[in-house]
**Q** 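Next up is a structure, given as structure tokens.
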2 protein chains.
Amino acid sequence: MHSKELLKGTLQMIILKLLADEGKMYGYEITQKVKELSDGQMVLTEGALYPTLHKLEAEGLLITEKVSMGKRIRKYYRLTETGQSSVLKKVDEFTDFISMMSRVLQIKPAL
Amino acid sequence: MHSKELLKGTLQMIILKLLADEGKMYGYEITQKVKELSDGQMVLTEGALYPTLHKLEAEGLLITEKVSMGKRIRKYYRLTETGQSSVLKKVDEFTDFISMMSRVLQIKPAL
DNA sequence: TTTAATACATTAGAGTCTTATGTATTAGAC
DNA sequence: GTCTAATACATAAGACTCTAATGTATTAAA
């Protein structure tokens with residue numbers, strides 16, 4: 001399945017939505033959760049994930065907290081208030097996008 | 001609504017699906033049909049449309065037919081057999097994408 | 001007669017992702 | 001005990017797709 005192009009523009013929303021549901025997560029945990037929820041269909045690459053996390057942090061949607069697990073460091077991410085309102089907006093936009101696409105393609109996707 | 005990033009990767013499919021439904025169309029007609037079906041929400045720009053049409057033609061999914069309307073020339077596009085089977089595959093991939101995203105985001109979009 | 005719509009097209013640049021590469025720790029298999 | 005896979009972070013070059021800008025030309029309508 002090379003529907004990878006369809007994933008463009010969804011990564012920010014996925015990260016934000018997962019954090020909204022889970023409270024706080026670290027990068028690697030996000031990749032595993034996405035893999036689990038999609039039954040292995042969707043695999044986030046680090047080259048996409050980390051730059052996106054850093055960007056969302058720089059934009060003030062996320063804040064970080066470093067936690068030492070022995071010698072290994074985990075960087076937990078959490079939504080800011082701005083981030084919380086942003087999730088709602090992005091998910092709404094996505095459902096609007098789906099219904100628009102269904103109309104343009106003239107299909108009725110069964111969920 | 002800046003959900004424009006979500007549109008990435010959907011243009012080829014939209015063009016192919018419209019041609020599958022309509023038989024043959026010319027570029028400008030496609031932009032108008034998309035605008036109509038999406039109630040003005042989706043506007044194809046020429047910079048995206050024409051390169052994509054040319055690419056699909058080069059890949060053998062479309063064939064063209066030039067028709068003179070007085071002094072103006074219209075270039076009609078039509079699916080090849082390869083194009084026809086490609087549409088089915090791409091639309092299937094899109095519905096799979098939607099159901100996968102619904103699971104990952106843990107939402108139930110109402111259509 | 002001038003503006004908007006029709007109709008084609010190209011190009012520079014932006015944004016997002018993939019692929020490749022790098023470092024280091026920890027758990028488990030043999 | 002040692003090697004491999006999994007865990008955990010990160011950056012960088014390049015590909016791909018789109019936007020915004022620009023260009024040419026015809027036709028309909030105000």
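Below, chains carry the letters A, B, ... as their sequence lines are ordered, and counting in each starts from 1.
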**Q** Indicate, with a heavy-atom threshold strictly under 4.0 Å, whether A/Gly27 touches base, sugar-phosphate, or nothing.
**A**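 Result for A/Gly27 = sugar-phosphate.
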**Q** Answer yes or no: does a side-chain N or O of B/Lys55 lie under 4.0 Å from OP1 or OP2 of D/dT17?
**A**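 Yes.
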**Q** Nearest of C/dT18, C/dC8, C/dT16 to any side-chain atom of B/Tyr26?
**A**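 Among C/dT18, C/dC8, C/dT16, the one nearest the side chain of B/Tyr26 is C/dC8.
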**Q** Are any side-chain N or O atoms of B/Thr82 and backbone N or O atoms of B/Leu61, one a donor and one an acceptor, separated by less than 3.5 Å?
**A**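 Between the backbone of B/Leu61 and the side chain of B/Thr82 there is no qualifying donor-acceptor contact (under 3.5 Å).
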**Q** According to a strict under-4.0 Å criterion, is B/Tyr50 in side-chain N/O contact with OP1 or OP2 of C/dC8?
**A**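 For C/dC8, OP1 or OP2 has a side-chain N or O of B/Tyr50 closer than 4.0 Å.
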**Q** Check whether any side-chain N or O of B/Arg74 sits under 4.0 Å from OP1 or OP2 of C/dA7, and answer yes or no.
**A**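 True: B/Arg74 side-chain N/O within range (under 4.0 Å) of C/dA7 OP1/OP2.
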**Q** Classify B/Lys8 by what it touches in the nucleic acid, base, sugar-phosphate, or nothing, heavy-atom distance under 4.0 Å.
**A**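 Base, at least one base atom sits under 4.0 Å.
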**Q** State whether B/His54 places a side-chain N or O below 4.0 Å from either non-bridging phosphate oxygen (OP1 or OP2) of C/dC8.
**A**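 No.
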**Q** What's the closest nucleotide to the A/Lys4 side chain, out of C/dT19, D/dT19, D/dT17?
**A**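 The answer is C/dT19, which lies nearest to the side chain.
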**Q** Is the shortest side-chain N/O distance from B/Thr45 to OP1 or OP2 of D/dA20 below 4.0 Å?
**A**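 Answer is no, no contact under 4.0 Å.
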**Q** Below the 4.0 Å mark, does D/dT27 have OP1 or OP2 next to a side-chain nitrogen or oxygen of B/Arg72?
**A**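 For D/dT27, OP1/OP2 do not have a side-chain N/O of B/Arg72 under 4.0 Å.
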**Q** For B/Lys75 and C/dA9, is the shortest distance between a side-chain N/O and OP1 or OP2 below 4.0 Å?
**A**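 So the side-chain polar atoms of B/Lys75 do come within 4.0 Å of the phosphate oxygens OP1 or OP2 of C/dA9, strictly under.
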**Q** Got a sec: does the NZ of B/Lys35 have more than 12 other heavy atoms crowding it under 6.0 Å?
**A**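 Incorrect, the count does not exceed 12.
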**Q** Determine whether A/Arg72 and A/Ser68 make a side-chain contact, defined as any pair of heavy atoms from C-beta on separated by less than 4.5 Å.
**A**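 In short, these two side chains do not touch, never coming nearer than 4.5 Å.
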**Q** Heavy atoms under 4.0 Å, any strand shown: does A/Glu46 hit a base, just sugar-phosphate, or nothing?
**A**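 Base contact - A/Glu46 has a heavy atom under 4.0 Å of at least one base atom.
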